[in-house]
*Asks:* 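Sharing a structure with you now.
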Amino acid sequence: LIPKLECVGEVPGAPGIYFAWLGFENQNPVSLNVPIGPDNTFMSTPNELEKAPFLQISSELNPVPKTKVVANLGQPTRFEPGRSAFVFRITLTSQQANVTWLLTNRKANYFDKYLEVN
């Protein structure tokens, strides 16, 4: 399973509030069920020193402040085979929100207004 960031936009009439549409790709030939929990959760994006050593790209801390996140932001728990785009939307409460969707150990990272996907 690979989480995908589809697009990000500012919520009309709500300056400084953004939405992010997410989807996924299931490269398996069968549907998968991944309940909300450690393999299907949202978390605050770790800074560089909180990542495993083999994932660190620098020894400097991420200057973006931590975002409080709940594990369930409406993500799916059933994943049909193939690519599914624009499956659900989350709200980011600032331009500097930093949130990671952890889906069976693959991460889709998005933060700042440009949103980066790893």
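As a basis for the values below, the full set of heavy atoms in this structure was taken, side chains included, without hydrogen atoms, waters or symmetry mates. If you read the sequence from its start, that first residue is 1, and numbering goes on from there. These figures come from a predicted structure and were not determined experimentally.
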*Asks:* So which of Val34, Leu102, Leu103, Leu1 actually passes side-chain contact (heavy atoms from CB on, under 4.5 Å) with Asp39?
*Replies:* Val34
*Asks:* Under 6.0 Å between ring centres: does that hold for Phe88 and Trp101?
*Replies:*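 Close enough - the centres of the two rings lie under 6.0 Å apart.
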*Asks:* Atom CD1 of Ile90 and atom CZ of Phe42: how far apart are they, to the nearest 0.5 Å?
*Replies:*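 If we round to the nearest 0.5 Å, Ile90:CD1 and Phe42:CZ are 4.5 Å apart.
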*Asks:* If you measure from CZ on Phe86 to SG on Cys7, what distance do you get to the nearest 0.5 Å?
*Replies:* 4.5 Å
*Asks:* Would you mind checking if Glu80 and Arg78 are paired as a salt bridge, meaning a charged N to carboxylate O distance below 4.0 Å?
*Replies:*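 Salt bridge: yes.
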*Asks:* Quick one: which of Thr41, Asn40, Ile36 gives a side-chain contact (heavy atoms from CB on, under 4.5 Å) with Asn72?
*Replies:*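 Among the candidates, only Ile36 passes.
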*Asks:* With a 4.5 Å limit on heavy-atom distance, are the side chains of Thr91 and Ile17 in contact?
*Replies:* yes
*Asks:* Taking only residues two or more places apart in sequence or in another chain, which ones pass salt bridge (Lys or Arg N to Asp or Glu O under 4.0 Å) with Arg89?
*Replies:* none
*Asks:* CD/Glu25 to CZ/Phe79 distance, rounded to the nearest 0.5 angstrom?
*Replies:*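 Here the interatomic distance stands at 13.0 Å.
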*Asks:* For Val30, is there any backbone N or O sitting under 3.5 Å from a side-chain donor or acceptor partner on Asn28?
*Replies:* no
*Asks:* For residues Leu22 and Leu5, determine if any side-chain heavy atom of one lies less than 4.5 Å from a side-chain heavy atom of the other.
*Replies:*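 Yes - at least one pair of side-chain heavy atoms lies under 4.5 Å apart.
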*Asks:* Using a 3.5 Å distance criterion without hydrogens, assess whether the side chain of Glu6 forms a donor-acceptor pair with backbone atoms of Ala20.
*Replies:* no
*Asks:* Determine whether Phe24 and Val87 satisfy the following criterion, side chain to side chain contact (heavy atoms under 4.5 Å, CB included), listing intermediate values before the conclusion.
*Replies:* CA-CA 8 Å; Phe24 63 87; Val87 176; 3.9 Å; yes
